[in-house]
Number of protein chains: 2
Amino acid sequence: MSAHVTASQETADTARHGSTLATAFEEELADFLAQRERFLLGIDPDLGLLYGVARDAVLNGGKRLRPTFAYWGWRAALPLGAVGEPAFIRAAASLELLHACALVHDDVMDSSETRRGRPAAHVRFAAEHAERGWPADATGFGRSGAILLGDLLLSWAEEMFTEAIGRLPAGRCVAAQAQFDLMRTEVVAGQFLDVLAQTRGAFNVDEALRVIEFKTSKYTVERPLLLGAAAAAAPSRVSTALAAYGHALGEAFQLRDDLLGVFGDPELTGKPAGDDLREGKRTVLVAHALDAASDAQREIVESLLGRDDLELEGVEAIRQVLVDTGAVDRVEDLIRVLADEANRALDLARDTGSYDAPALDVLEALVAVSTARQS
Amino acid sequence: MSAHVTASQETADTARHGSTLATAFEEELADFLAQRERFLLGIDPDLGLLYGVARDAVLNGGKRLRPTFAYWGWRAALPLGAVGEPAFIRAAASLELLHACALVHDDVMDSSETRRGRPAAHVRFAAEHAERGWPADATGFGRSGAILLGDLLLSWAEEMFTEAIGRLPAGRCVAAQAQFDLMRTEVVAGQFLDVLAQTRGAFNVDEALRVIEFKTSKYTVERPLLLGAAAAAAPSRVSTALAAYGHALGEAFQLRDDLLGVFGDPELTGKPAGDDLREGKRTVLVAHALDAASDAQREIVESLLGRDDLELEGVEAIRQVLVDTGAVDRVEDLIRVLADEANRALDLARDTGSYDAPALDVLEALVAVSTARQS
């Protein structure tokens with residue numbers, strides 16, 4: 001357990017300094033991984049290759065959104081300085097192992113070369129293969145390694161979560177475990193619906209929003225918040241307010257991400273410009289554009305979207321359609337409406353007087369950060 | 001909970017009739033899946049596709065080896081008619097969900113077309129795609145669907161296991177959970193070592209045996225037995241005897257499976273003749289052959305093993321080398337030695353007088369069944 005989170009005074013400090021919370025998550029993850037490294041190398045030194053890619057997939061500077069929302073859901077529902085903080089910090093950090101699994105497998109499914117500006121796990125395994133001069137198919141090895149790595153991370157997520165949450169009182173432990181279970185099933189369901197939407201071709205705004213609901217809204221924001229609230233034995237009106245907040249913010253967050261995937265600066269996103277267009281992502285943004293497109297505009301999108309060999313010129317052509325059809329404006333409007341909705345849920349929460357006010361301030365700040373335009 | 005396993009008299013019957021135990025596993029799995037079907041379809045009717053392939057991947061007539069060994073490990077360590085049987089049956093059945101994940105992902109990694117004589121999950125998804133006339137890449141959809149399906153099955157395995165084992169007294173629950181965690185990590189570790197061995201090309205008998213240890217011995221036999229023993233709060237000398245039995249039997253079982261993969265009747269194995277040779281599996285059998293091969297024999301194996309387009313003639317040529325080098329005889333000898341070792345562990349167990357004698361008889365019968373030649 002990290003030295004940063006053992007005393008309740010430090011807990012209160014954590015609440016005020018985001019960087020300390022982030023450090024606590026990193027330390028919990030590093031501590032867990034170090035244990036697992038010993039176990040794997042005890043089986044066979046050759047597993048060092050698997051472990052190395054696992055470590056980099058987890059400790060890669062991710063934004064730790066899910067642990068952060070879990071933590072603030074917990075804090076929002078619990079009196080300051082309450083018992084259980086170290087255990088809950090560790091349980092929250094475990095959500096990053098789940099997320100690392102999702103990303104590693106997602107990159108295999110999408111054949112994405114990079115993740116956060118660095119080679120994706122399957123590319124890493126393939127490169128290690130090539131470097132060692134092994135004879136068989138490097139790409140196949142990369143894919144197999146990444147599938148197994150994701151399975152390992154998924155199992156580890158549950159081990160880390162269950163061990164940590166088990167230190168809370170039994171009732172809370174069971175309630176939080178139920179949210180964790182829902183989170184795991186819902187993210188797979190959301191991803192499957194996403195894959196279906198991509199593969200079917202035909203899709204509309206409603207379908208794109210439904211994918212967002214499970215793939216991002218619940219998985220990234222709502223479920224972590226409710227998991228935290230459950231671990232704090234939150235009364236139902238607290239959970240209800242957090243759910244409303246999480247649902248709106250999660251949707252807004254994904255819509256902002258969709259805009260960044262098309263218009264974002266590669267320096268900030270860690271992905272090549274227009275990467276989402278090359279992957280052919282069927283987003284709400286694209287759905288709105290197709291909805292309002294002229295025949296000529298539709299033809300541009302349909303002929304270019306999802307082409308592996310899409311050059312900057314093609315990216316620009318699609319971007320132009322997204323702007324000209326008003327799709328960008330509509331999505332920006334939607335983000336604004338959703339951000340307001342999230343903030344209204346917080347206001348209602350404040351009015352009940354039963355919440356940790358500093359935690360609500362942090363949740364409000366997270367709305368601003370998650371939905372703001374990035375230039 | 002199944003009606004078949006609620007009364008302790010029926011429990012005793014179960015011990016005597018393998019088919020009743022198998023039925024109980026099937027019913028627990030079907031019951032769990034039906035709950036999950038409702039949940040998935042509640043999210044979106046489109047998830048019926050995911051659910052359908054999940055159900056077929058689980059309820060496909062597998063041999064249920066892992067639940068069976070878990071059950072007999074439990075029984076061997078527990079007085080007849082002891083409490084907790086229904087919960088433990090359900091916990092044991094959950095190991096099949098873990099195994100279904102392993103098989104679904106394995107088939108993606110190996111690009112295997114069939115599993116138990118039927119289309120592999122990724123082939124199923126691809127076929128559903130083609131049938132619906134969707135535009136995008138059917139193979140890619142098949143792979144993505146199968147990766148997500150495996151993730152779902154892995155999460156479900158843990159949910160089903162934890163919920164069921166949680167009904168046992170707390171200490172037993174924790175001890176069994178620890179075995180479950182080891183099982184999940186060890187199978188991934190074993191599979192990774194296997195993939196490494198396949199990809200490196202160069203390998204020897206020792207390396208091939210090490211892969212077997214984690215990929216099969218522990219995962220299929222030893223760990224399930226110890227999981228059962230832990231759930232029954234077995235004293236350490238019981239666990240030690242079961243571990244010795246499981247280790248030997250697991251290795252023998254895999255060696256028999258390796259022989260069947262090369263010489264087995266396609267009608268019995270559910271796979272095309274010589275499929276393991278086409279996949280290029282680096283087995284103990286092949287390692288022994290290469291160890292003893294003349295230059296000409298080595299050339300035959302190295303030029304043909306792992307070729308996608310291997311015809312029956314090539315299969316026959318490799319088979320001949322495996323026989324002529326004495327590799328087949330050596331592996332048959334090894335199976336015999338290991339089967340004796342497993343039976344000796346049971347004899348020691350009998351001598352302590354602290355075991356459930358009928359359970360030991362079943363474990364002895366499992367040695368015979370798992371290691372016998374099949375013509």
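Note on naming: letters A, B, ... go to the chains in the order of the sequence lines (proteins, then strands), and numbering restarts at 1 for each one. Heavy atoms only: backbone and side chains are in, while hydrogens, waters and symmetry mates are out.
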Trainee: Could you report the tightest heavy-atom contact between A/Q198 and A/G280, atom names first, then the distance?
Mentor: OE1-O, 3.0 Å
Trainee: Give me the atom names and distance for the closest heavy-atom approach of A/T199 to B/D137.
Mentor: OG1-O, 4.5 Å
Trainee: Do A/S217 and A/Q254 have side-chain atoms, one donor and one acceptor, less than 3.5 Å apart?
Mentor: no
Trainee: With a 3.5 Å cut-off and no angle check, do the side chains of A/T216 and A/E251 form a donor-acceptor pair?
Mentor: no
Trainee: Chain B contacts: which residues in residues 38-49 of chain A have a non-hydrogen atom closer than 4.5 Å to it?
Mentor: A/F39, A/L40, A/I43, A/D44, A/D46, A/L47, A/L49
Trainee: Between B/L182, B/L154, B/V195, which has the largest tally of heavy atom pairs under 4.5 Å with chain A?
Mentor: B/L154
Trainee: Side chain from CB out, backbone as N, CA, C, O: work out which of these in B/F125 comes under 4.5 Å of a heavy atom of chain A, or both, or neither.
Mentor: side chain
Trainee: I'd like to know if B/D110 and B/K281 make a salt bridge, using a cut-off of under 4.0 Å between side-chain N and carboxylate O.
Mentor: no
Trainee: Would you please go through residues 98-107 of chain A and name the residues with a non-hydrogen atom below 4.5 Å from one of chain B, in numerical order?
Mentor: A/C101, A/H105
Trainee: Select one option (side chain, backbone, both, neither) describing which atoms of A/V174 are under 4.5 Å from chain B's heavy atoms.
Mentor: neither
Trainee: Among the options B/E158, B/E186, B/E163, B/H129, pick out the one with the most heavy-atom pairs lying under 4.5 Å from chain A.
Mentor: B/E158
Trainee: Looking at residues at least two apart in the chain, or sitting in another chain, which of them share a salt bridge (Lys or Arg N to Asp or Glu O under 4.0 Å) with A/D194?
Mentor: A/K215
Trainee: Looking only at heavy atoms, what is the nearest atom pair of B/I147 and A/M109, with distance?
Mentor: CD1-CG, 3.9 Å
Trainee: Is it true that B/R36 and B/E159 make a salt bridge, defined as a side-chain N closer than 4.0 Å to a carboxylate O?
Mentor: yes
Trainee: With A/E128, which residues qualify under salt bridge (Lys or Arg N to Asp or Glu O under 4.0 Å), at least two apart?
Mentor: A/R124, A/R132
Trainee: So which heavy atom on A/F161 is nearest to which on A/S94, and how close?
Mentor: CB-OG, 3.2 Å
Trainee: What part of A/F214 gets closer than 4.5 Å to chain B, counting heavy atoms only: side chain, backbone, both or neither?
Mentor: side chain
Trainee: Is B/R210 close to chain A through its backbone or its side chain, or both, or neither, when contacts mean heavy atoms under 4.5 Å?
Mentor: side chain
Trainee: Would you call the rings of A/W156 and A/F32 parallel, tilted or perpendicular, taking 30° and 60° as the class edges?
Mentor: perpendicular
Trainee: Nearest 0.5 Å please: distance from the CG atom of B/L97 over to the CG atom of B/L29.
Mentor: 5.5 Å
